[in-house]
Amino acid sequence: MSDRDAIVIGGGVSGLSVAWWLGQAGVASEVWEQDGRLGGKIATREADGYVTERAASLMLNFRPEVSRMLTASGLDASRVMCPGPPANQRYLVQRGKLVPVPSRLGGLIRSPLWSLGGKLRLLAEPFAPRGGRPDESVSEFVSRRLGRELLEKAMEPYIGGPLASDPDLASAQAVLPRLVALERRYGSLAFGVFAHKVLNRRTAPVHEVFSFRRGMADLIDALASAPGVSFRTRHTVTQLEPARSGWRVTARTPEGERTFRASHIVLSVPAPRAATLLHSLDHELAQLLRGIEYAPVTVVHLAFDRAAVRHPLIGTGFLVPRTENAQLTGCQWVSNVFPNRAPLGKTLLACYLGGARAPETREWNDNRCIDAAIAGLAPLLGIDAAPEQVWVDRHDCALPLYHGAYSGRLRAIMERLKRWPGLQLAANYRGGISIRDRIGEAYALAQSMHVGLAPRGARWPVAGLPSLPICAAHRSSS
Ligand SMILES: Cc1cc2nc3c(=O)[nH]c(=O)nc-3n(C[C@H](O)[C@H](O)[C@H](O)COP(=O)(O)OP(=O)(O)OC[C@H]3O[C@@H](n4cnc5c(N)ncnc54)[C@H](O)[C@@H]3O)c2cc1C
C-alpha cells in the first residue's frame, strides 16, 4: 500500500476540475475512474464528418475563475463562440408552431407568445410583494413574481428541458439562486437587473456561450493533461475506510484489487454511487445521498440532407413547454450553432427526450426514442425524408433533481460530512449541474483543501483571483 496526498474518485468534469485546481496550487492528486476513458457523462463522438456530444454541448460562462481556468489551460485558442444575432435566435413551441423568443423589451411587447394580460402582469413585477418561504418551489416563485403565464410559457420549458426538472417540485433557491438573491436584495427582479446594469457597468462579467474546436473533448483533455494531475482508468473504487491520518481506498482494477492510502479523498461520483460507497461507514449520510433523485435524458442525434428540412433554421433551436404535451423537451440545431459539426449541405439536430416530465422514457428502447424524436420534429421543421444518420445517447440517471427539501437535505449532508475529516463530496448534485458551476465549485473546494495539504502558511497561489472566504465558499455551494 502506498501513500498519496489526494485521490479524486470519479473522472467526470467535477473530479477533473478539483484535480486541476489542486495542481495549480502545487498539490498533486490522482484521479481514479472506473471507465476506460475520462470525462464521465461528457464525451465527443466524431463519425462520418459529424461531431456529436453525448451530454454537454456548450458552456455558458460568467464566472471569472472559469475564464481563468480556460486561459491557463490554453483553451482560449480552441474556443468556438456561439453565433450572435440573428443567428442565435431561440424558439418556443406554441400550439404546434415555432415562435421566436424575444430578446428585447420591444420584441416582448409585440410577441404573440404571451397574452396582453400576461405582458401586463410581467410589467407589474416591481410591485409584486416580496416572498418569504425558504423552501418555495420554482413555480411558486416565478408565478408570484412574474405571473403564471410566464412560468408556463418561458420558465417551465427551460426548467423541464436543459435542467430535466419539474418547476412544481424544484427548489427556487437551489435552481434559480441568482433570481432569488435579486429579490432578496432589491425587492424586485426588474430593479435588481437594472441596478446591476448601472452599478456594474464596467465590472460586470461577460456572458459567453461557447464550445471548443474538437467539441467538449478539448476541455476534458486540457483538464486531464495539466501539471499535477495523474489518473488511473479502469479503477472502480469498492471501499473507503478511515485510516491513520487519512483514508484507505480500495479499487477493482485490471491487475486485481489495489489499496492506497491518501490524506484527502474527493468523492466525485453521482449521489447513489457515493451512497453505496459510504453505506457501511455512515448509514445516515448514505441515506441522505440516496434521497437525491435523478431524471433520465435521451439524446437522439439526427442528420438530414439540408434540402430535406423546409424550415429556414435561422437560430440555435427550440424548447417545448409541458402544455404542448410533446415527448420532445427541446432540440438544438447543432450544425447552426458551431461550425464543422456536419458535412457541407447536411444538417445535424440533437433532440432531447425524458427528464422529470417523462421518466417513462427510461424504459423505451432506442427505436421508440428515435420514432418519438422524429414525430416531434417533422411537423415543426417541415421534414418529410428519413434521417441519413442517427445516434442515440442514453443517460438513465442524467441529472440530479434539486427537488423538494433539497436545500435542507444538502445542509444535512454537509453537516454529517464534518464527522469525516479529509473526505469531500464534489459532483453535480451539489452547487449546480452546468460545467461552469462544476469548475467554479471545484475552485472553492480545492482552495479549502489547499489549507490542509499545502505547507503551513502557504497562500492560495492562483494568480489573478481573490481568495474566497472558505466557509462561505462551501456554504454557497450547498
Ligand atoms: C444530456 C445532457 C446534456 C447536458 N448539456 C449540458 C450543456 O450543454 N452545458 C453544461 O454546462 N452542462 C450540460 N450538462 C450537465 C453536465 O454535463 C453534467 O452535470 C456534468 O458532466 C456532470 O459531471 P460530474 O463529474 O459531476 O458527473 P459524471 O460525469 O457522472 O462523472 C462521474 C464519474 O464517476 C465515475 N465513477 C462512478 N463510480 C465510480 C467508482 N466507484 N469508482 C471510480 N469511478 C467511478 C463515473 O464513471 C464517471 O466518470 C448536460 C448533461 C446531460 C446529461
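None of the values given here were measured: they were computed from a predicted structure. Counting starts at 1 for both ligands and their atoms, in listed order. What you see below is based on every heavy atom in this structure, not just the backbone, and it leaves out hydrogens, waters and symmetry mates.
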Test E441 against R63 for salt bridge (Lys or Arg N to Asp or Glu O under 4.0 Å), laying out the working first. CA-CA 10 Å; E441 293 300 309; R63 291 179 75 149; 3.6 Å; yes
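- The existence of a salt bridge linking D48 and K346 is excluded, since no basic side-chain nitrogen approaches an acidic carboxylate oxygen closer than 4.0 Å.
- Counting only residues at least two apart or in different chains, side-chain hydrogen bond (donor to acceptor under 3.5 Å, both in side chains) contacts with residues 273-295 comprise Q34-R273, D282-R416, D282-W420, E284-R416, Q287-R290.
- With D218 as reference, S78 is the one residue of S211, S73, S78 to meet the side-chain hydrogen bond (donor to acceptor under 3.5 Å, both in side chains) rule.
- The stretch residues 221-238 participates, sequence neighbours left out, in these salt bridge (charged side-chain N to carboxylate O under 4.0 Å, His left out) pairs: E30-R232, R214-D221.
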Nitrogen or oxygen contacts under 3.5 Å, ligand 1 side and protein side:
unit_1   : atom_1 : unit_2 : atom_2 : d
ligand 1 : 8 (O)  : S57    : N      : 3.1
ligand 1 : 8 (O)  : L58    : N      : 3.4
ligand 1 : 8 (O)  : L58    : O      : 3.4
ligand 1 : 9 (N)  : L58    : O      : 2.7
ligand 1 : 11 (O) : I435   : N      : 2.8
ligand 1 : 19 (O) : N428   : ND2    : 2.9
ligand 1 : 19 (O) : I433   : O      : 2.6
ligand 1 : 25 (O) : V13    : N      : 3.2
ligand 1 : 25 (O) : S14    : N      : 3.0
ligand 1 : 25 (O) : S14    : OG     : 3.2
ligand 1 : 26 (O) : S14    : OG     : 2.6
ligand 1 : 26 (O) : N428   : N      : 3.2
ligand 1 : 29 (O) : K41    : N      : 2.8
ligand 1 : 30 (O) : K41    : NZ     : 2.7
ligand 1 : 38 (N) : R273   : NH1    : 3.0
ligand 1 : 41 (N) : V237   : O      : 3.1
ligand 1 : 41 (N) : R273   : NH1    : 3.0
ligand 1 : 42 (N) : V237   : N      : 3.0
ligand 1 : 44 (N) : Q34    : N      : 3.2
ligand 1 : 47 (O) : E33    : OE2    : 2.6
ligand 1 : 47 (O) : Q34    : NE2    : 3.2
ligand 1 : 49 (O) : E33    : OE1    : 2.6
ligand 1 : 49 (O) : E33    : OE2    : 3.2

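- Identified under the ring pair (Phe, Tyr, Trp, His ring centres under 6.0 Å) test for residues 221-247, with sequence neighbours left out: W32-H235.
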